[in-house]
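Down below is the structure, laid out as structure tokens.
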Amino acid sequence: MKPRGIFIAGNWKMNHGVQETVHFFEVLRLRWDSLLSSTTREAFQKKYLKACIIPPFVCLERAQQLAHPLQITIAAQNASGEKQGAFTGEVSGPMLRELGIDTVLIGHSERRQYFGETDELVQKRLEGLLNQGFHVILCIGETQEERQRGDTFGVLKKQLGILDALEILRVNSESTQRLTIAYEPVWAIGTGVAATPEQAEEVHRWIRGELAERVFILYGGSVTPKNLAAFLKQPNIDGALVGGASLDPEIFLACLEAVSW
Ligand code: PGA
């Protein structure tokens, strides 16, 4: 047993519209009992194992309705730290709340790489959302080049500097319970080349040293049902942020089943 439990989140990115979302949850519901062992189902019922799906914004409402009976959390892929105003293209916390969403992913490397999101912007999102009572999954990770330069911990420290600036971990311990870190080395995302469990554990141990003992730390980057168990065996890896392997309901169930090692 892992001290903090296990959290498996599926990030759909810009995949699956409403129809595919309905299909996904229909298959998940139908295959739940046959593809999950009684041990896994029990872990799920006891909330030792938690699952989350992170669909595109337009699918949130439908996904929330369909996931609720299965006790799967639905999270948004991003959100503003502001509550309202002239911010075209942004979605606010109160809007998500209205749909029953209380968890948001922020700082994904694709937001940073393709849409220019900086540490400062991610900090604003984090601060606003935590202050509004949201659970936040904050993504951090180094590029291949940064790793080769031996700069992995320097880059991560800067990305985690956000937390230092907010003094979240020191001042507001209640917020700490609503914070999850996803360590996603950029070179492992969508490449089929995952970090080794030892490489990931080295970084997770370092992150835990920087933060509070009870913060959840997920590994992300080419996670599959095949390699997931080896990651979960590491003491500081509390779960996974799964991209490609979360799109197919049966493969996502296989990821949940992988926790029964
Ligand atoms: P991947 O994506 O599992 O497809 O590598 C992970 C992520 O970006 O969250």
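Along the sequence shown, the residues carry numbers beginning at 1. Counting starts at 1 for both ligands and their atoms, following the listed order.
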Cation-pi geometry met for Arg111 and Phe115 (6.0 Å, 45°):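 Checked: cation-pi criterion met.
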
Short list, please: which atoms of ligand 1 are under 4.0 Å from a heavy atom of [X]?
X      : answer
Leu241 : 9 (O)
Gly244 : 1 (P), 3 (O), 4 (O)
Asn11  : 9 (O)
Gly221 : 5 (O)
Glu184 : 6 (C), 7 (C), 8 (O), 9 (O)

Donor-acceptor list for residues 94-106 side chains, cut-off 3.5 Å, not counting sequence neighbours:
from, atom 1, to, atom 2, distance (Å)
Arg97, NH1, Gln132, O, 3.0
Arg97, NH2, Gly133, O, 3.3

Taking the ring of Trp32 and the ring of Phe44, is the distance between their centroids below 6.0 Å?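 Yes, the ring of Phe44 comes within the 6.0 Å limit of the ring of Trp32, centre to centre.
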
Of all the heavy atoms in Ser222, does at least one lie under 4.0 Å from an atom in ligand 1?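 The answer is yes, since Ser222 has a heavy atom less than 4.0 Å from ligand 1.
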
List the atom of Arg147, the atom of Tyr183, and the distance in Å for their closest heavy-atom pair.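 Nearest heavy atoms, Arg147 then Tyr183: NH2-OH, 3.4 Å.
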
Over all heavy atoms of both residues, which pair between Leu232 and Lys2 is shortest? Give the atoms and the distance, please.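 Answer, listing the atom of Leu232 first, then Lys2: O-NZ, 2.7 Å.
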
Among all the protein's non-hydrogen atoms, which is closest to atom 2 (O) of ligand 1, and how far away is it?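 Result: Lys13 NZ, 3.2 Å.
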
Calculate, to the nearest 0.5 Å, the distance between atoms CG and NE2 belonging to Leu129 and His135 respectively.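 Leu129 CG to His135 NE2: 12.0 Å, rounded to 0.5 Å.
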
Please compare Ala194, Gly243, Gly190 and report which has the shortest non-hydrogen distance to atom 5 (O) of ligand 1.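 Nearest option to atom 5 (O) of ligand 1, by heavy atoms: Gly190.
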
